[in-house]
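First the structure, in the form of structure tokens, and then the observations on it.
Indexing begins at 1, ligand by ligand and atom by atom, following the structure's order.
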Amino acid sequence: MTESFIPYSCQNISEEDVAAVTLVLREEYLTQGPRVVEFENCFAQRHEVAHAVAVSNATAGLHIACLALGVTRGSRVWTSPNSFLASANCAMYCGAVIDFVDIDPLTRNISIEQLAKKLECAAEVDQLPQVVIPVDFAGLPCDLRALRLLADRYGFKILEDASHATGAVYRGRPVGGQYADVTVFSFHAVKIVTTAEGGMVTTQDAKIAKELRLLRSHGMTRDVADLEQPADGPWTYEQHLLGFNYRLTDLQAALGLSQLQRLDSLQSRRTALADRYDQMLSSLPLILPLREADSRSAWHLYVVEVDEARTGISRQSVFNAMRNAQIGVNVHYIPIHTQPFYARMGFSKGDFPAAEHYYNRALTLPLFPSMTDEQQHRVASVLHAALTA
Ligand SMILES: *Cc1c(COP(=O)(O)O)cnc(C)c1O
């Protein structure tokens, strides 16, 4: 008998989720309506932040967050090369000039040390960035306090890409409400909670939140208090800036609300699986994810590093062995600066050696809340066999 395929990630849909979405189908609003407001309020409360603005996906959220933080043609924006394309693309949409800061090989997040050095050099030639986009890779929060100190010293804004980190905790509080100016979460189907496609932008700043709400819906307002011209009548709406249609639907918000009720249990299952991986793999010649004393990862991904120099066994051969055994391992991420689009801007291999070195060894193991102990055992034993072959 061939064994069933174990994906690297998988959405978690309950009967309550199905019922919540079905209910909305019978109601008045399908597009952005009262469920979106409810979802925003619930998310804001859960993440201890004043404002949450729901958007159609995290990429859209990163785009309007850049705009709300003043990114414009020629602005300088820096991010981590170890991320999904959207962390850099959002700056390109605004006509900004992108640059990268290499990662810390232990956390796999933006290196605070490299960032500090790069800022010092940039200050000397008057080329400081307007915005830095740290990414909570795999769900592990960046060192946001250190980032805040640098941001205050050099005058840049922090746009935290927390697409992996819904529910993650940094220094005793959920990410999304502290240290960063704006934080963006993703609800894509593979992420911690899902709305199929969707995202949330959080901030403590009421002015930024207002701007985000305008930008997500055509730059348009119906709020009488905000009108710049005398109202023609009760139907009046005004466009104040060039916005987009980046709205989430009530159908999606109903799913998000229902998922959010389970965030704690989804999170504790992810943590339990990560803890078990740590135990099961401790004797193998692998580098396991770092544990930080002052934060709790959301465990979106569990990434090990295969050290070919030590074992003589390549990441490619381990990857193949696992895929052949129906285990959906994956690789996160191809460093953004090595993509043809970014290479055409002058970046090349060798520019960010820590991210490239990490990428050459990285292997993402399956981890999702409905994963069974038996499935996890199978992953560990195939990995064991591949490394001792
Ligand atoms: C998934 C992801 C995004 C994009 O999220 P979407 O909701 O699919 O637009 C951005 N950044 C990171 C780090 C991601 O993992």
Legend entry - Under 3.5 Å: donor-acceptor pair, side chain of Arg247, backbone of Gln32: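 Not confirmed, Arg247 side chain does not pair with Gln32 backbone.
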Inset, instruction - For Asp136 and Ala165, indicate whether the former's side chain and the latter's backbone hold a donor-acceptor pair under 3.5 Å. - result: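 Pair absent, no side-chain N/O of Asp136 close to backbone of Ala165.
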Numbered atoms of ligand 1 (with element) below 4.0 Å of [X], judged on heavy atoms:
{"X": "Ala86", "result": "10 (C)"}
{"X": "Ser186", "result": "1 (C), 5 (O), 6 (P), 7 (O)"}
{"X": "Ala58", "result": "4 (C), 5 (O), 6 (P), 7 (O), 9 (O)"}
{"X": "Ser83", "result": "13 (C)"}
{"X": "Tyr333", "result": "15 (O)"}

Identity and distance of the protein heavy atom lying nearest [atom]:
{"atom": "atom 4 (C) of ligand 1", "answer": "Thr59 OG1, 3.6 Å"}
{"atom": "atom 15 (O) of ligand 1", "answer": "His164 NE2, 2.7 Å"}
{"atom": "atom 1 (C) of ligand 1", "answer": "Lys191 NZ, 1.5 Å"}

Legend entry - Closest candidate by heavy atom, reference atom 12 (C) of ligand 1, pool Ser163, Gly199, Ala196: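 Selected option, by shortest heavy-atom distance: Ser163.
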Legend entry - Given Tyr8, Phe137, Phe84, the one that forms ring pair (Phe, Tyr, Trp, His ring centres under 6.0 Å) with His332: Tyr8
Inset, instruction - With Tyr358 as reference, evaluate Val303, Asp104, Asp102, Leu106 under the side-chain contact (heavy atoms from CB on, under 4.5 Å) test and give the passing residue. - result: Val303
Inset, instruction - For the residue pair Tyr246 and Phe244, categorise the inter-ring angle as parallel (less than 30°), tilted (30 to 60°) or perpendicular (more than 60°). - result: parallel
Inset, instruction - Hey, can you tell me if Phe185 and Phe43 have their rings parallel, tilted or perpendicular (30° and 60° cut-offs)? - result: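 Rings of Phe185 and Phe43: perpendicular, as their planes differ by over 60°.
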Inset, instruction - Select one of side chain, backbone, both or neither to describe which atoms of Asp161 lie under 4.0 Å from any atom of ligand 1, heavy atoms only. - result: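 The part of Asp161 near ligand 1 is the side chain, not the backbone.
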Inset, instruction - Look at ligand 1 and say whether Gly198 reaches it with a heavy atom at a distance under 4.0 Å. - result: yes
Legend entry - Pair Asp275 + Arg291, salt bridge at N-O below 4.0 Å: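 Between Arg291 and Asp275 there is a salt bridge, with a charged N closer than 4.0 Å to a carboxylate O.
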Legend entry - From OG (Ser75) to CZ (Phe156), nearest 0.5 Å: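 Ser75 OG to Phe156 CZ: 14.5 Å, rounded to 0.5 Å.
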